[in-house]
Amino acid sequence: MANTMKAARWYAAKDIRVESATIPEAKAGQVKIAVQFAGICGSDLHEYVHGPQLIPVDQPYPLNGHQGVTTLGHEFSGVVEAVGEGVHHLKVGDRVVVEPLFKNFDSPFIPNGEYNLSEPLGFIGLSSNGGFASYVVVEDYMVHKIPDTMSFEKGALVEPAAVAVYAVLQSGLKIGETVLVSGAGPIGLLCVQAALAAGATTVIVTDIADKRLEKAKAIGATHIINAKEDGIPQKVKAITGLGVDVFLDCAGVQASYTNGIESVRNGGTAVLVALFGKPVSTNALDQVLREITIKGIIAYRNIFPQVIALIDSGRMPVEKLVTSKIGLDDIVVKGFEALVNDPTEVKILVDIQKG
């Protein structure tokens with residue numbers, strides 16, 4: 001039994017099993033981490049409800065050969081348990097978080113620093129076994145140390161917070177500007193915090209769930225609008241005058257896209273953060289005549305140290321998003337099912353050491 005551990009493993013949609021798995025060992029250039037806290041992400045939820053999406057089932061992930069049954073979890077903190085040959089910047093006992101993006105070092109996007117654009121796109125916990133387990137092995141370039149002042153709970157929120165900070169950076173948001181965020185899930189709420197940290201004065205949030213809008217207000221949104229209401233662009237313009245400088249789409253549906261872009265001022269910017277489930281139609285002429293910039297983003301790059309500092313300094317109080325802490329044994333019922341069925345749940349953390 002000494003070489004097995006508990007893990008939450010994805011077999012198919014609606015089939016995640018908490019079972020015993022072999023403890024992985026770090027090879028050259030890898031790091032073995034004893035996981036402390038792990039967050040459940042929207043993409044984990046998509047894999048649970050109607051996967052596989054990013055999990056390689058039909059053919060292996062080219063960078064590591066991983067295929068099929070997968071331990072989920074890519075938002076996690078932990079302690080370095082062992083380092084493989086050639087790893088010198090980390091030692092056993094270091095408190096760390098993981099930036100779960102795989103890098104394809106043959107890609108032309110690696111030397112120029114745009115590693116989130118290297119292909120094939122892959123993540124720990126989707127393209128390899130992840131953090132919903134006692135131990136995980138990751139590549140050494142993914143690991144970032146966290147300060148002793150930062151709790152492991154906050155550490156587990158660095159990865160989703162990085163998505164939000166990167167979205168706000170890519171939007172070009174300047175101090176004193178106005179922002180509309182559609183979708184008050186974890187990423188949308190983190191975008192509110194990131195926009196406020198960047199100096200936004202007006203942050204408007206839309207969502208169809210009143211409970212989530214209440215949460216948005218509690219973490220600092222200046223205005224909330226239920227997305228089921230009519231005339232959202234008019235309401236946004238009533239608040240801002242010309243429309244918002246920046247629109248962050250964290251909902252990723254036709255209604256959020258259309259309303260959001262109509263809410264942007266002439267010359268403004270829309271950033272598509274959500275993983276859109278299906279194509280949307282777009283009024284291209286309007287975007288031409290009003291000089292609207294529309295920008296897609298995937299994940300983040302070159303930003304984890306800054307995000308760790310934003311959280312550690314209190315500038316982004318990410319712990320306010322945590323609505324439940326559960327044990328690994330309860331991850332299906334109190335984790336995945338709760339997130340599917342209960343709009344009051346925002347971020348659920350799994351306390352891996354609790355079992």
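All figures in this text were calculated on a predicted structure; none of them were measured in a lab.
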message: For a quick test of reading the model, state the closest non-hydrogen atom pair linking I224 to A216 and the distance between them.
response: CG2-CB, 4.2 Å
- line: Distance col, row K14:NZ vs E47:CD, nearest 0.5 angstrom, shows 14.0 Å
Shared hydrophobic cluster, L275 / V280 (ILVMFWY, side-chain heavy atoms < 4.5 Å): no
- prompt: Short question: side chain of R212, backbone of L189 - any donor-acceptor pair under 3.5 Å?
  reply: no
field: Non-hydrogen side-chain atoms of V79 and Q36 separated by less than 4.5 Å
entry: yes
- request: Show your working on side chain to side chain contact (heavy atoms under 4.5 Å, CB included) between S43 and Q53 and close with a plain yes or no.
  value: CA-CA 9 Å; S43 59; Q53 288 194 322; over 6 Å; no
message: Are there over 12 heavy-atom neighbours, none belonging to D58, within less than 6.0 Å of that residue's CG?
response: no
- prompt: Under 30°, 30 to 60°, or over 60°: which ring-plane class applies to F336 and F132, parallel, tilted or perpendicular?
  reply: perpendicular
Atom CG of L242 with >12 non-hydrogen neighbours under 6.0 angstrom: no
task: Specify the closest pair of heavy atoms between A133 and T71, including all atoms of both residues, with the distance to one decimal.
output: CB-CG2, 4.0 Å
message: Does either side chain, that of N104 or that of S118, offer a donor lying less than 3.5 Å from an acceptor on the other one?
response: no
message: How long is the straight-line distance from CG of L90 back to NZ of K32, given to the nearest 0.5 Å?
response: 15.5 Å
query: Does CG belonging to D230 count more than 12 external heavy atoms closer than 6.0 Å?
result: no
- line: For V92, the other hydrophobic cluster members (4.5 Å side-chain criterion, sorted by chain and number) are none
query: Is a side-chain N or O of D207 found less than 3.5 angstrom from the main chain of L213, in a donor-acceptor match?
result: no
task: For the residue pair N259 and T206, establish whether any side-chain heavy-atom pair is separated by less than 4.5 Å.
output: no
query: I187, I308: one ILVMFWY side-chain cluster at the under-4.5 Å cut-off?
result: yes
task: Could you tell me whether a side-chain N or O of T258 sits under 3.5 Å from a main-chain N or O of S256, the two making a donor and an acceptor?
output: no
query: Would one find more than 12 heavy atoms of other residues, nucleotides or ligands at under 6.0 Å from atom CD of Q254?
result: yes
field: Side chain N3, main chain T22, donor-acceptor under 3.5 Å
entry: no
query: Can you list the steps and then say if D210 with N226 is a side chain to side chain contact (heavy atoms under 4.5 Å, CB included)?
result: CA-CA 7 Å; D210 286 326; N226 192 300; 2.9 Å; yes
message: Would you compute the distance between atom CG of D351 and atom CD of E153 and round it to the nearest 0.5 angstrom?
response: 7.5 Å
- request: Show your working on side chain to side chain contact (heavy atoms under 4.5 Å, CB included) between V244 and V179 and close with a plain yes or no.
  value: CA-CA 5 Å; V244 289; V179 184; 5.8 Å; no
field: Pair E337-Y48, side-chain donor/acceptor within less than 3.5 Å
entry: yes
- request: Would you give the length of the straight line joining atom CG of L63 to atom CD of E139, rounded to the nearest 0.5 angstrom?
  value: 9.0 Å
message: Between D329 and K6, does any side-chain N to carboxylate O distance fall below 4.0 Å?
response: yes
task: Classify the side-chain pair S128/Y61 by whether it contains a donor and acceptor separated by less than 3.5 Å.
output: no
message: Would you compute the distance between atom CD of E177 and atom OG1 of T202 and round it to the nearest 0.5 angstrom?
response: 11.0 Å
query: Counting N and O atoms only, with roles assigned by atom type, does the side chain of K215 sit under 3.5 Å from a partner on the main chain of K320, one being a donor and the other an acceptor?
result: yes
query: Sequence neighbours excluded, which residues qualify as ring pair (Phe, Tyr, Trp, His ring centres under 6.0 Å) partners of H223?
result: none
Close side-chain approach of K154 and L157, heavy atoms under 4.5 Å: no
query: Counting only heavy atoms not in L289, do more than 12 sit closer than 6.0 Å to its CG atom?
result: yes
Heavy-atom side-chain proximity of I55 to L72 below 4.5 angstrom: yes
Non-hydrogen atoms of A209 and P343 that approach each other most closely: CB-CB, 4.2 Å
- request: Answer yes or no: is there a donor N or O on one side and an acceptor on the other, between the side chain of S77 and the main chain of V97, under 3.5 Å?
  value: no
message: Tell me whether the count of non-hydrogen atoms from other residues, nucleotides or ligands lying under 6.0 Å of CD1 in I208 goes above 12.
response: no
query: Got a donor-acceptor contact below 3.5 angstrom from the T269 side chain to the V246 backbone?
result: no
message: Hydrophobic clusters here meaning ILVMFWY residues chained together by side-chain heavy-atom distances under 4.5 Å, can you tell me if I40 and F123 are in one?
response: yes
task: Would you kindly confirm whether V332 and I352 end up in one hydrophobic cluster when ILVMFWY residues are joined by side chain heavy atoms under 4.5 Å apart?
output: yes
Verify same cluster id: L196, V236 (apolar side-chain graph, 4.5 Å): no
- request: May I ask you to decide if V203's main-chain N or O and T222's side chain share a donor-acceptor pair within less than 3.5 Å?
  value: yes
- prompt: Between A13 and H50, what is the shortest heavy-atom contact and its length?
  reply: CB-CA, 4.2 Å
field: Residues, nucleotides or ligands: over 12 heavy atoms within 6.0 Å of Q234 CD
entry: yes
Any side-chain heavy-atom pair of P100 and V138 under 4.5 Å: no
Flag side-chain contact, heavy atom, 4.5 Å: V273 against D249: no
query: At their closest point, which heavy atom of M316 faces which heavy atom of A194, and how far apart are they?
result: CE-N, 3.9 Å
- request: Please answer whether the main-chain N or O of L101 pairs with a side-chain N or O of Y115 as donor and acceptor at a distance below 3.5 Å.
  value: no
query: Less than 4.5 Å apart, any side-chain heavy atom of L248 and any of S171?
result: yes
message: Checking E345 against T323: is there a side-chain donor and acceptor pair closer than 3.5 Å?
response: yes
query: Is S127 reaching over with its side chain to a backbone N or O of I124, donor-acceptor style, under 3.5 angstrom?
result: no
query: Taking all non-hydrogen atoms of both residues, which atom of A161 and which atom of I311 are closest, and how far apart?
result: CB-CD1, 4.0 Å
Side-chain heavy-atom pair V136, P24 within 4.5 angstrom cut-off: no
task: Measure the spacing between CZ of R9 and OG of S20 and express it to the nearest 0.5 Å.
output: 8.5 Å
Evaluation steps, side chain to side chain contact (heavy atoms under 4.5 Å, CB included), between D245 and R265: CA-CA 6 Å; D245 298 295; R265 70 164 173 84; 2.6 Å; yes
field: Enclosure of K235 NZ (heavy-atom neighbours >12, cutoff 6.0 Å)
entry: yes
Under 3.5 Å donor-acceptor pairs involving side-chain atoms of residues 293-304, not counting sequence neighbours:
unit_1, atom_1, unit_2, atom_2, d
K295, NZ, Q170, O, 3.1
K295, NZ, Q170, OE1, 3.3
Y300, OH, E159, OE2, 2.7
R301, NH1, N116, OD1, 3.0
R301, NH1, Y166, OH, 3.0
N302, ND2, G113, O, 3.0

